[in-house]
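Have a look at the structure below, then the notes.
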Number of protein chains: 2
Amino acid sequence: MKIAEVSTQHGISTDTLRYYERIGLIPPVNRSESGIRDYNELDIRRVEFVKCMRSAGLPVEVLIEYIALVQQGDKTIEARKDILVEQREALIARMEQMQKTLDILNHKIEVYEKAVLKNEKEMIPVVE
Amino acid sequence: MKIAEVSTQHGISTDTLRYYERIGLIPPVNRSESGIRDYNELDIRRVEFVKCMRSAGLPVEVLIEYIALVQQGDKTIEARKDILVEQREALIARMEQMQKTLDILNHKIEVYEKAVLKNEKEMIPVVE
DNA sequence: CCTTGACTTAGAGTCAACTTCAGGTGTTAC
DNA sequence: GTAACACCTGAAGTTGACTCTAAGTCAAGG
């Protein structure tokens with residue numbers, strides 16, 4: 001599959017795909033004789049994986065390290081697992097913080113809704 | 001309360017506190033005769049609010065707009081509510097994406113755990 | 001009186017993660 | 001066969017959100 005197709009199908013710009021390869025976020029993709037990238041199944045799964053991880057905020061640096069370990073074969077399985085466990089913890093922490101923020105937003109929105117109702121009749125000064 | 005105290009108590013650098021004020025993320029803080037910032041209760045609640053919202057990824061720009069509306073009084077309550085509702089939607093979307101990523105991480109970690117067990121005896125090539 | 005240290009400002013610098021550019025080669029449509 | 005377009009590379013530019021610097025004011029301690 002050509003880079004342009006991968007780009008449109010997965011919503012990642014060709015620039016970003018090349019960038020990812022350059023920095024080692026995905027291993028080198030096979031090329032045609034004339035040097036044009038040809039993504040295979042595995043390449044695409046890797047792109048998807050990176051996209052997913054990045055969208056959740058895992059740092060590029062960590063993913064590069066992880067991918068490098070993958071390239072080194074089964075002897076790195078424990079190290080890889082450690083990275084994923086660490087990132088999972090960080091992810092859970094971020095989600096918990098976001099949940100707190102969500103609670104506060106919900107509360108504020110509720111207060112505003114009451115304020116609007118009141119204001120319609122009474123114009124009472126309220127919240128922030 | 002002095003800026004240094006606010007900084008240590010809330011884990012935000014004095015630079016960042018001044019920066020927030022400069023860009024309008026918190027309204028101007030009262031000053032002593034000699035021009036030194038003196039944070040009152042309300043200022044601190046605002047700092048906490050901004051910290052919380054920022055930690056969940058709400059953009060500075062949006063928060064500036066929100067704070068500006070707060071300064072304009074009760075006539076902006078509906079507009080403020082709209083902003084919060086919009087940001088709530090965005091936050092929920094981010095959290096859902098993160099949950100997906102978490103599921104994948106959990107799955108991968110599980111597979112790795114099995115792989116480690118197997119490898120101890122059989123050295124079977126496995127996952128990625 | 002002088003130094004230490006907290007504070008002030010405007011503005012420059014940094015960082016992660018892209019994104020765009022300049023300059024060039026290869027491929028396809030008519 | 002030539003125009004238009006997709007691709008290549010390395011490097012410079014951009015963005016959001018800080019973070020630091022330079023140059024200066026001011027109050028307190030020795």
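Basis for what follows: all heavy atoms, side chains included, without hydrogens, waters or symmetry-related copies. Here is the naming used below: chain letters follow the sequence lines, and residue numbers restart at 1 for every chain.
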| For the pair made of OH in A/Y19 and P in D/dT14, what is the distance, rounded to whole Å? | 17 Å
| query | Should the ring pair A/Y112 and B/Y66 be called parallel, tilted or perpendicular, given that the plane angle runs from 0 to 90° and is split at 30 and 60? | reply | perpendicular
| Rounded distance in Å - CD1 (B/I64) to P (D/dG16) | 11 Å
| message | Of the options D/dA17, D/dC7, D/dT19, whose atoms approach the side-chain atoms of B/V60 most closely? | response | D/dA17
| query | B/R31 CZ to D/dC26 P: how many Å, rounded? | reply | 14 Å
| Between A/L25 (CG) and C/dC18 (C1'), how many Å, whole number? | 12 Å
| Residue whose nearest DNA chain C nucleotide is more 5′ - B/I3 or A/K2 | B/I3
| field | Nucleotide C/dT19, atom P - distance to CD1 of A/I23 in whole Å | value | 12 Å
| query | Just to confirm, is there a sub-4.0 Å distance from OP1 or OP2 of D/dC18 to any side-chain nitrogen or oxygen of B/R54? | reply | yes
| task | Could you tell me whether B/R37 contacts a base, only the sugar-phosphate backbone, or nothing, with contacts defined as non-hydrogen atoms closer than 4.0 Å? | result | sugar-phosphate
| task | Compute both the distance and the angle, then confirm whether B/K51 meets the cation-pi test with B/Y20: under 6.0 Å from the six-membered ring centre, within 45 degrees of the axis. | result | no
| query | Quick one: which of C/dT19, C/dC7, D/dC7 gets closest to the side chain of A/T16? | reply | C/dT19
| remark: Assert: residue with more 5' nearest nucleotide on DNA chain C, out of B/T14 and A/L58, is B/T14
| task | Please name the residue in the list B/E78, B/Q72, B/R80 that meets the side chain to side chain donor-acceptor pair (under 3.5 Å) test with B/T76. | result | B/R80
| query | B/L69 and B/I83: which non-hydrogen atoms are nearest, and at how many Å? | reply | CD1-CD1, 3.6 Å
| said: Whole angstroms only, please: what is the CD1-C1' distance between A/I12 and C/dC18? | reply: 12 Å
| field | Residue A/R22, side-chain atoms from C-beta onward, closest of D/dG10, D/dA17, C/dC18 | value | D/dG10
| query | Rounded to whole angstroms, how far apart are CZ on A/R18 and C1' on C/dG24? | reply | 13 Å
| note | Note: B/P27 and B/R46 closest approach over all heavy atoms is CG-NH1, 3.4 Å
| message | How many whole angstroms separate atom CG of A/L63 from atom C1' of C/dA16? | response | 13 Å
| task | Look at the side-chain N and O atoms of B/Y20 and state whether any lies under 4.0 Å from the OP1 or OP2 oxygen of D/dC18. | result | yes
| query | Between D/dT19, C/dC7, C/dT27, which nucleotide gets closest to the side-chain atoms of A/I36? | reply | C/dT27
